[in-house]
Amino acid sequence: MTRLIFLGPPGAGKGTQAKVLADLGQIPHISTGDILRAAVSAQTALGIKAKNFMDQGELVPDDLVVDLIQERLSQPDAQPGWILDGFPRNVVQAQALDDLLTTMQQGYDRVINLDVPDEIIVQRMLSRGRQDDNEETIRRRLEVYREQTEPLIDFYDQRHKLTTINGAQPMTAVTAALADLI
Ligand code: AP5
């Protein structure tokens, strides 16, 4: 499988596992969070627009993120395949991705939902200590996940594309479960 989408709450291990699989498959790991954080550090126009949303645990506006993904998926290294991490984040983005892939005459093979209970997520993020890993922002990111991103589990399940994996296991066990799947 060469086109995968990772779903899951903040801190579920999407980035950790997506990197491993992307290295194995020699395809790009495309994380909207990483791209946005790089834009914030470089103080680009995108980064300046995104910073406050990210600091508050809110989603960056859909049009900015959809443009970013459209540009990234059109690059030569993404033609053999990709792993999307952190996109799509709501139904509007999922529909925009469907439209974009139809235009590009591509599709996706599987959507992987990493399932992790809230108490483990909070512990993981507090011990990581990223700029948006403080208690207040973590709480808001979890709310935004429940309100906007969790509905994508049904969205992709109805399309028979969803596989849920227990992300609360040790990292190597999660990787092994993913390797079995793909
Ligand atoms: P983003 O960067 O996507 O953050 P997130 O979804 O909150 O996810 P995280 O990066 O926190 O977690 P992860 O699941 O990747 O876990 P990780 O592998 O790092 O988004 C940040 C912000 O950008 C958003 O709030 C929003 O503002 C904006 N944004 C991004 N995409 C957007 C979009 N599409 N639309 C609009 N706005 C967008 O692991 C977490 C920690 O746990 C690490 O320390 C790791 O070492 C550890 N860990 C991982 N797996 C395990 C394990 N199995 N056991 C023990 N520890 C583990």
Side-chain angles (χ1 to χ4, degrees), residues 2-23 25-108 111-112 114 121 124-152 155:
T2 55
R3 294 193 179 94
L4 298 174
I5 297 172
F6 269 81
L7 270 189
K14 304 180 296 292
T16 302
Q17 298 297 335
K19 266 184 210 97
V20 174
L21 293 191
D23 284 350
Q26 297 194 300
I27 50 178
H29 162 217
I30 300 177
S31 156
T32 42
D34 286 352
I35 296 170
L36 289 167
R37 276 184 290 279
V40 170
S41 295
Q43 297 187 305
T44 65
L46 170 65
I48 290 164
K49 286 182 196 150
K51 186 177 185 319
N52 281 344
F53 295 101
M54 296 174 78
D55 286 346
Q56 287 164 26
E58 302 293 340
L59 294 186
V60 171
D62 293 332
D63 55 338
L64 297 179
V65 183
V66 169
D67 284 355
L68 174 169
I69 280 290
Q70 180 165 13
E71 202 267 325
R72 184 65 188 88
L73 290 184
S74 65
Q75 289 174 15
D77 68 326
Q79 301 323 300
W82 35 255
I83 299 183
L84 290 186
D85 158 17
F87 182 93
R89 212 59 165 232
N90 58 27
V91 172
V92 170
Q93 294 182 14
Q95 280 163 344
L97 179 64
D98 278 358
D99 293 346
L100 178 60
L101 293 176
T102 303
T103 309
M104 297 173 80
Q105 298 185 304
Q106 292 183 3
Y108 46 84
V111 178
I112 295 162
L114 284 184
I121 282 171
R124 282 185 189 175
M125 288 196 286
L126 286 177
S127 51
R128 181 177 58 180
R130 204 169 71 192
Q131 161 108 11
D132 55 349
D133 285 340
N134 58 74
E135 273 198 66
E136 193 185 338
T137 309
I138 291 171
R139 202 174 317 115
R140 182 61 194 145
R141 283 160 64 199
L142 280 168
E143 281 170 5
V144 168
Y145 169 76
R146 300 276 173 245
E147 289 161 9
Q148 303 201 43
T149 311
E150 206 170 46
L152 293 182
F155 181 96

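When reading the values below, keep in mind they use all heavy atoms of this one structure, side chains included, and skip hydrogens, waters and symmetry mates.
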With the side chain counted from C-beta on, respond yes when Arg72 and Trp82 share a heavy-atom pair under 4.5 Å apart, and no when they do not. no

To the nearest 0.5 Å, atom CZ of Phe6 lies from atom NE2 of His29 at 8.0 Å

Heavy-atom closest pair, residues Ala78 and Pro28: CA-CG, 3.9 Å

Minimum heavy-atom distance Pro88-Ala94, with the two atoms named: CB-N, 3.5 Å

Strictly distance-based, threshold 3.5 Å: is any side-chain N or O of Lys14 a donor or acceptor partner for the main-chain N or O of Leu84? no

Gln56 vs Arg140 side-chain heavy atoms within contact, under 4.5 Å: no

Taking all non-hydrogen atoms of both residues, which atom of Asp85 and which atom of Gly15 are closest, and how far apart? OD2-CA, 3.2 Å

Could you tell me which residues satisfy salt bridge (charged side-chain N to carboxylate O under 4.0 Å, His left out) with Asp98, sequence neighbours excluded, listed by chain and number? Arg159

What closest approach, in Å, do Gln75 and Gln79 show between heavy atoms, and which atom pair accounts for it? O-NE2, 2.7 Å

Could you give the distance from CG (Asp67) to CG (Leu46), rounded to the nearest 0.5 Å? 9.5 Å

CD1 (Ile138) and OH (Tyr145) are apart, to the nearest 0.5 Å, by 16.0 Å

Out of curiosity, Ser74 OG to Glu71 CD, how far, rounded to the nearest 0.5 Å? 5.5 Å

Can you name the side-chain hydrogen bond (donor to acceptor under 3.5 Å, both in side chains) partners of Asp133, sequence neighbours left out? Arg128, Arg141

Shortest non-hydrogen contact from Pro61 to Phe53? CD-CE1, 3.6 Å

Could you report the tightest heavy-atom contact between Arg146 and Pro151, atom names first, then the distance? O-CD, 3.8 Å

If we count only N and O atoms by modelled type, under 3.5 Å, do the side chains of Asn134 and Thr137 hold a donor and an acceptor together? yes

Would you indicate whether the side-chain heavy atoms of Tyr108 and Leu101 approach each other to under 4.5 Å? yes

Non-hydrogen side-chain atoms of Thr149 and Arg89 separated by less than 4.5 Å: yes

What's the separation between atom CD in Gln148 and atom CD in Glu143, rounded to the nearest 0.5 Å? 11.0 Å

With side chains defined as the heavy atoms from C-beta onward, is the minimum distance between Leu36 and Val60 less than 4.5 Å? yes

Please list all pairs meeting salt bridge (Lys or Arg N to Asp or Glu O under 4.0 Å) that have one or both residues in residues 30-57, counting only residues at least two apart or in different chains. Asp34-Arg37, Lys51-Asp55

For a side chain to side chain contact (heavy atoms under 4.5 Å, CB included) with Asn90, tell me which candidate from Leu59, Val144, Val65 qualifies. Leu59

Please name the residue in the list Asp77, Leu73, Ile83 that meets the side chain to side chain contact (heavy atoms under 4.5 Å, CB included) test with Ile30. Leu73

Counting C-beta onward and ignoring hydrogens, is there a side-chain heavy-atom pair between Arg130 and Met125 closer than 4.5 Å? no

Any non-hydrogen side-chain atom of Ile5 less than 4.5 Å from a side-chain atom of Leu97? yes

